[in-house]
There are 2 protein chains.
Amino acid sequence: MDREWNDSQPIYRQLRDRVVAMILDGVLKEGDPLPSVRNVATEYRVNPLTVLKGYQQLVDEGLVETRRGRGMFINVGARSLLLQGERQKFLGEEWPRVYATIQRLGLRAEELLDGATSRSSSDAAQAKTDKSNAPEEEN
Amino acid sequence: MDREWNDSQPIYRQLRDRVVAMILDGVLKEGDPLPSVRNVATEYRVNPLTVLKGYQQLVDEGLVETRRGRGMFINVGARSLLLQGERQKFLGEEWPRVYATIQRLGLRAEELLDGATSRSSSDAAQAKTDKSNAPEEEN
DNA sequence: TTTGCTGTTATAGCTAACTATAACACTACT
DNA sequence: AGTAGTGTTATAGTTAGCTATAACAGCAAA
């Protein structure tokens with residue numbers, strides 16, 4: 001697990017996303033306790049309040065339950081709830097945006113979706129189709 | 001062009017991204033003036049300073065040039081500069097994250113490729129392959 | 001009962017992002 | 001000269017995100 005943060009999104013949301021990922025990946029199973037607020041805060045060198053804020057979001061989404069004095073626990077049904085919701089969110093919001101970017105950059109989605117994980121990033125997946133984007137200097 | 005903003009990123013960055021998209025799409029060509037700070041501010045009902053901040057970013061990236069009293073203009077070479085830089089950024093930062101999400105959600109290439117832009121977002125695309133993500137209750 | 005772990009609340013302060021309003025400085029057209 | 005269009009700077013206030021520090025409250029095991 002990374003110990004670093006992305007400046008493109010608030011920490012508490014990234015934290016929420018990490019827990020979600022862990023649930024989807026089966027690292028955290030239903031009934032399991034979340035790593036404690038204080039532990040996470042210390043380990044990632046972040047303020048406890050920030051962690052709490054991320055966790056509270058999970059509570060609000062019905063994924064996690066608080067037991068006073070004991071900790072926070074993953075609810076039953078959390079995973080399937082997530083699979084539904086996150087898929088919808090991804091397909092409805094993120095993917096269209098990403099797909100547009102892929103086309104804009106003249107990359108090809110199929111290639112990216114195949115091997116994908118490691119791609120040198122230099123001139124990777126060059127654009128055969130430079131469609132509709134003719135520079136066409138005209139001054 | 002949308003008139004709305006995304007709460008997941010600051011407006012000035014979204015603004016910068018939109019101009020970048022317009023350059024890549026050929027809507028704005030090299031030598032063309034950007035829509036004026038005041039116009040954009042009015043049209044999108046945003047503070048001029050916010051627009052300026054987005055535009056300044058483009059200047060800092062060497063994509064755009066300021067001509068006092070006249071406006072801001074797209075530099076020659078802007079587009080190819082962008083194709084390089086944005087591809088690298090996308091493949092190196094955004095795509096790995098997105099790809100991980102896709103796998104996590106058990107989505108399949110076909111589903112992403114056919115509808116792509118338009119996806120109703122209802123219960124779209126169930127995952128036949130629930131690979132490696134066995135819930136396996138054990139409490 | 002004490003110790004040690006949970007989540008939670010209270011104060012207080014900093015910075016980034018955004019806002020409103022106004023003025024300044026340069027260029028071009030009339 | 002005047003007007004209207006550029007970008008830019010100045011002041012000042014709000015909100016969200018994050019921080020440090022400290023205390024409160026519930027639970028469980030020694």
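To find a chain, count down the sequence lines: A is the first, B the second, and so on, and within it residues start at 1. Hydrogens, waters and symmetry mates are skipped; everything else that's a heavy atom, side chains included, is used.
Of the residues near DNA chain C, B:K53 and B:P48, the one whose nearest nucleotide (by heavy atom distance) lies more toward the 5' end is B:K53. Along DNA chain D, the nucleotide closest to A:T50 and the one closest to A:R70 are compared, and the more 5′ of them pairs with A:T50.
For the pair A:Y55 OH and C:dG7 P, the computed distance is 8 Å after rounding to whole Å. In this structure, CZ of A:R38 is placed 14 Å from P of C:dG4, rounded to the nearest angstrom. With rounding to whole Å, A:I74 atom CD1 is found 13 Å from C:dG7 atom P. Distance, B:L52 CG to C:dA20 C1': 16 Å, rounded to whole Å. Atom-to-atom, CZ of A:R67 to P of C:dT8 comes out at 13 Å; the value is rounded to the nearest Å. What separates CZ of B:R13 from P of C:dA16 is a distance of 12 Å, to the nearest Å. The CD atom of B:Q56 sits 15 Å away from the P atom of C:dA17 (whole-angstrom rounding). At whole-Å resolution of the value, CG in A:N47 and P in C:dT15 are 16 Å apart.
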Q: Go through the steps for A:L63 and A:N75 under the test side-chain contact (heavy atoms from CB on, under 4.5 Å), then give the verdict.
A: CA-CA 6 Å; A:L63 298 167; A:N75 281 335; 5.8 Å; no
(Q) Between B:Y12 and B:L49, is the side-chain contact (heavy atoms from CB on, under 4.5 Å) condition met? List the steps. (A) CA-CA 9 Å; B:Y12 75 93; B:L49 289 181; over 6 Å; no
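Within 4.0 Å of B:D7, counting heavy atoms only, lies no atom of the nucleic acid at all. Among the heavy atoms of the strands, none lies under 4.0 Å from B:Q9.
For the OP1/OP2 pair of C:dA17 and a distance below 4.0 Å, the side-chain nitrogens and oxygens of B:Y12 include at least one atom meeting the criterion. A:T66 has no side-chain polar atom (N or O) that falls below the 4.0 Å cut-off from OP1 or OP2 of C:dG7.
With respect to the salt-bridge test (charged N to carboxylate O, under 4.0 angstrom), the residues B:R104 and A:E86 do not qualify. B:E111 and A:R87 are not joined by a salt bridge, as no carboxylate oxygen comes within less than 4.0 angstrom of a charged side-chain nitrogen.
Both tests hold for A:R18 against A:W5: distance to the six-membered ring centre under 6.0 Å, angle to the ring axis within 45°.
B:I23 and B:F73 are members of different hydrophobic clusters when ILVMFWY side chains are connected at heavy-atom separations under 4.5 Å.
For the helix from C:dT1-D:dA30 to C:dT30-D:dA1, the end axes, each set by the C1' atoms of five terminal pairs, are bent relative to each other by 0° (nearest 10°).
For DNA chain D, the contact window with chain A, defined by any atom under 4.0 Å from a protein heavy atom, covers D:dG17 to D:dA28 in 5' to 3' order.
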